[in-house]
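Chain letters run A, B, ... following the sequence lines, proteins first, then strands; residues in each count from 1.
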Protein chains: 4
Amino acid sequence: MGPSSRPHGQRKRTFIEEARRAQIVSAAIDTVAEVGFAHASLSRIAQRAGISKGVISYHFSGKDELMDQVVEQVYSEIAEFVLPRIVEAPDERAALRAHILTVAEYMRGHREKLMALAGIFNGMQSPEGTSPRHRPMVAEPVYQGIEERLRTGQERGVFRDFDVRVMAVTLQASIDGMFAYWVTHPDHDLEAHAAELAELIDRSAR
Amino acid sequence: MGPSSRPHGQRKRTFIEEARRAQIVSAAIDTVAEVGFAHASLSRIAQRAGISKGVISYHFSGKDELMDQVVEQVYSEIAEFVLPRIVEAPDERAALRAHILTVAEYMRGHREKLMALAGIFNGMQSPEGTSPRHRPMVAEPVYQGIEERLRTGQERGVFRDFDVRVMAVTLQASIDGMFAYWVTHPDHDLEAHAAELAELIDRSAR
Amino acid sequence: MGPSSRPHGQRKRTFIEEARRAQIVSAAIDTVAEVGFAHASLSRIAQRAGISKGVISYHFSGKDELMDQVVEQVYSEIAEFVLPRIVEAPDERAALRAHILTVAEYMRGHREKLMALAGIFNGMQSPEGTSPRHRPMVAEPVYQGIEERLRTGQERGVFRDFDVRVMAVTLQASIDGMFAYWVTHPDHDLEAHAAELAELIDRSAR
Amino acid sequence: MGPSSRPHGQRKRTFIEEARRAQIVSAAIDTVAEVGFAHASLSRIAQRAGISKGVISYHFSGKDELMDQVVEQVYSEIAEFVLPRIVEAPDERAALRAHILTVAEYMRGHREKLMALAGIFNGMQSPEGTSPRHRPMVAEPVYQGIEERLRTGQERGVFRDFDVRVMAVTLQASIDGMFAYWVTHPDHDLEAHAAELAELIDRSAR
DNA sequence: TATGAATGAGAGTTCATTCAT
DNA sequence: TATGAATGAACTCTCATTCAT
């Protein structure tokens with residue numbers, strides 16, 4: 001059983017417990033980033049955190065909850081970093097550009113964290129052909145946020161009349177692809193790529 | 001040791017042996033497509049192929065080599081399907097459009113095979129921090145092929161003067177993203193998406 | 001160490017402490033009855049009692065002592081219920097009949113408590129080949145009580161000259177068997193069974 | 001995966017496989033008999049069999065199947081020993097007597113095997129309050145066999161008109177109780193107990 | 001060539017127990 | 001007295017790999 005013998009999840013947590021959870025999530029991020037989701041066992045994560053394996057089970061209901069927390073935290077951090085820059089953009093074209101450039105900026109500073117995110121998304125494939133649990137769950141709000149801005153831009157005449165869902169998917173995929181390419185080609189000029197990508201997207205949207 | 005007690009890999013293979021390898025690779029594709037890379041054990045693959053587990057170890061040096069072969073074969077099949085349609089395009093813009101539309105067409109007919117491919121890419125992250133083994137290995141020639149066409153188009157004045165590597169990476173990522181979205185949203189209109197994507201790419205390249 | 005840093009067991013206990021122990025024993029009974037001995041972890045018991053896990057370790061030297069207390073308490077309760085009815089019987093034959101019928105009556109009202117008892121007896125087999133700790137310890141006085149009555153009956157000519165120990169063991173086993181059958185066949189007519197069993201035993205003893 | 005990658009259970013088995021299964025079942029019996037079901041881990045069983053832990057998983061789908069096999073085998077052996085002696089009895093009263101005496105005889109020779117049986121029955125309590133899986137499954141045919149003989153005896157006027165189900169349950173419980181008593185009191189005279197019990201049952205049935 | 005059998009490491013989880021606060 | 005936190009061992013089960021036949 002976990003803390004207080006109450007179900008993990010919805011519950012007030014002590015300061016110490018939050019600290020431990022954060023520590024474990026952090027260790028999980030590092031581990032997944034380093035060895036990949038498939039090889040990120042609880043043993044390895046515990047080892048990296050310098051704690052016993054049982055502590056993880058004590059604080060999380062299982063590996064799934066831990067990985068959920070990892071995803072959630074990384075997403076939050078990205079949003080916290082990127083959203084303000086999008087909001088302060090003068091118009092929708094500038095916002096789109098800012099989106100791409102700011103994410104790239106975040107990538108440069110948090111390579112490993114993002115590798116973990118990718119690793120988890122990829123590694124999480126349920127057995128027996130059932131659809132992956134998280135990708136849509138997490139990605140859908142992201143798409144919707146992008147689409148809303150695109151639609152606003154279209155209404156204001158800033159953008160032409162394209163399919164906003166396709167554009168959103170393409171934008172997200174292009175950014176992910178930029179990251180993946182950079183990860184496998186560390187010498188690649190990320191900033192230049194981001195600028196170029198911003199130009200591509202801008203042209204396709206006008 | 002494998003056949004003739006010589007190392008797996010570089011060596012002339014008998015007809016029977018090639019048949020067995022093909023059979024196993026095929027079973028591996030189906031298995032990964034169905035249960036995901038993480039749950040595609042050699043047992044399951046052997047079971048699906050209707051052979052004993054040991055046969056796989058006999059014909060392949062290990063799970064890694066088997067998965068390499070899977071990737072290679074799927075890539076070949078895609079190329080075989082797509083390349084002719086690109087070649088017969090009247091100019092580079094048409095070729096780019098054909099590329100996107102033809103890949104989408106292939107996707108529609110080979111959903112599972114491609115899901116296996118994705119599953120393998122995702123699941124294959126080596127331990128100990130070594131970089132993923134395969135993505136670049138396989139993708140590089142693809143990028144180069146695309147870039148060459150893009151460059152030709154630029155020289156002929158069909159395309160404007162963008163960074164061909166960024167465009168190639170973006171194109172590939174957009175296509176992958178289209179597939180991923182379609183996989184998680186089976187009701188999504190793949191053909192319409194492809195057409196829209198072709199328009200986006202075309203605009204960004206002119 | 002427990003309260004006052006003195007060993008658990010032989011020692012005067014405060015009122016509060018006794019209350020806590022009773023509460024924990026009660027929760028243990030419910031838990032064993034519900035999920036079986038094997039799954040009745042201290043966590044679950046604590047959870048049901050609404051207390052922290054450590055409290056149990058504080059009040060009892062370990063799981064073993066707790067289960068000992070459970071057995072002891074349930075036995076006491078049964079005796080408290082059954083003995084008066086036996087005592088007020090006019091003769092030994094009536095007492096034997098009353099024994100069976102009253103126990104059945106208790107069973108009907110305390111199904112769960114008795115299931116816990118059975119669960120503990122069954123689950124408690126010590127490792128390393130040492131003989132089970134409790135069954136004889138608890139059952140011996142029960143047997144002796146029964147035997148004494150049987151012997152008295154024989155002396156008074158109410159019963160024939162059978163082996164009292166065998167009769168006592170058989171009686172106890174028959175009652176236990178009646179309970180076990182009723183537990184697995186809830187629709188079984190417990191009262192009718194008890195009456196029939198009383199008849200069987202009575203005939204075998206005359 | 002198990003042998004031939006086919007599901008454990010219904011399937012032709014090689015000689016070697018049967019031997020291994022028998023060896024493992026035997027080791028399981030010994031282990032349960034010695035340390036009790038609760039402490040009979042696959043590790044311990046494997047250790048006693050002198051094999052690796054994985055072998056058990058290779059030959060059995062899991063601990064459940066192994067224990068099922070143990071129960072099945074012990075039951076078969078008992079039946080094989082006892083049934084002939086019952087069949088050759090001249091009438092139903094003699095058959096009842098033979099039943100009790102022969103089972104006792106078997107007990108004397110197979111103390112440990114039977115302790116294992118008891119241990120498994122007892123230890124198998126499913127979680128969440130669902131009823132035990134096996135007891136009814138196995139016991140029901142036994143009851144029915146006994147009842148049939150009792151009924152025949154009643155029809156032929158050998159027995160009086162008692163409830164056959166209650167008598168069957170009581171008989172079985174008395175025999176189990178005799179065994180349990182003997183196990184905890186090794187100096188107890190098992191044969192005398194059996195003879196006395198036969199007398200008790202016979203009297204109650206006439 | 002192919003198989004069945006066996007291995008042993010490692011996976012996630014559960015749990016009784018200990019201990020500082 | 002009571003708690004939350006942590007431990008470490010034990011559990012069942014899965015798997016890639018090896019090897020004699």
Given the rule in the side-chain contact (heavy atoms from CB on, under 4.5 Å) test, do D:Ile51 and D:Ile24 qualify, once you have shown the distances and angles that lead to the verdict? CA-CA 9 Å; D:Ile51 56 176; D:Ile24 294 170; 3.8 Å; yes
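Using a 4.0 Å cut-off, some side-chain N or O of A:His59 falls inside it from OP1 or OP2 of F:dA6. Put simply, A:Arg20 has no side-chain N or O that comes within less than 4.0 Å of OP1 or OP2 on F:dG4.
The nucleotide E:dA2 finds its pairing partner in F:dT21, both defining distances of the Watson-Crick or G-U wobble pair being shorter than 3.5 Å.
Residues C:Ile16 and A:Ile16 both approach DNA chain F. Their nearest nucleotides, taken by heavy-atom distance, put C:Ile16 toward the 5′ side.
For C:Lys63 and C:Phe37, the positive end sits near the middle of the six-membered ring, less than 6.0 Å away and at most 45° from its axis.
Separating the CD atom of A:Gln47 from the C1' atom of E:dG10 is a distance of 13 Å, rounded to the nearest angstrom. Taking atom CZ on A:Phe15 and atom P on F:dA5, their separation rounds to 12 Å, with Å as the unit. Residue D:Phe37 contributes atom CZ, which lies 12 Å from atom C1' of F:dC11 at whole-angstrom precision.
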Protein-to-nucleotide contact annotation, 5' to 3' order, nucleotides 16-21 of chain F [B base; S sugar-phosphate only; - none; under 4.0 Å, heavy atom]: BBB---
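Across F:dA2, F:dA6, E:dT1, the shortest atom-to-atom separation from the side chain of B:Tyr58 is found for E:dT1. The A:Ser52 side chain lies nearest to F:dG8 when the options are E:dT1, F:dT3, F:dG8.
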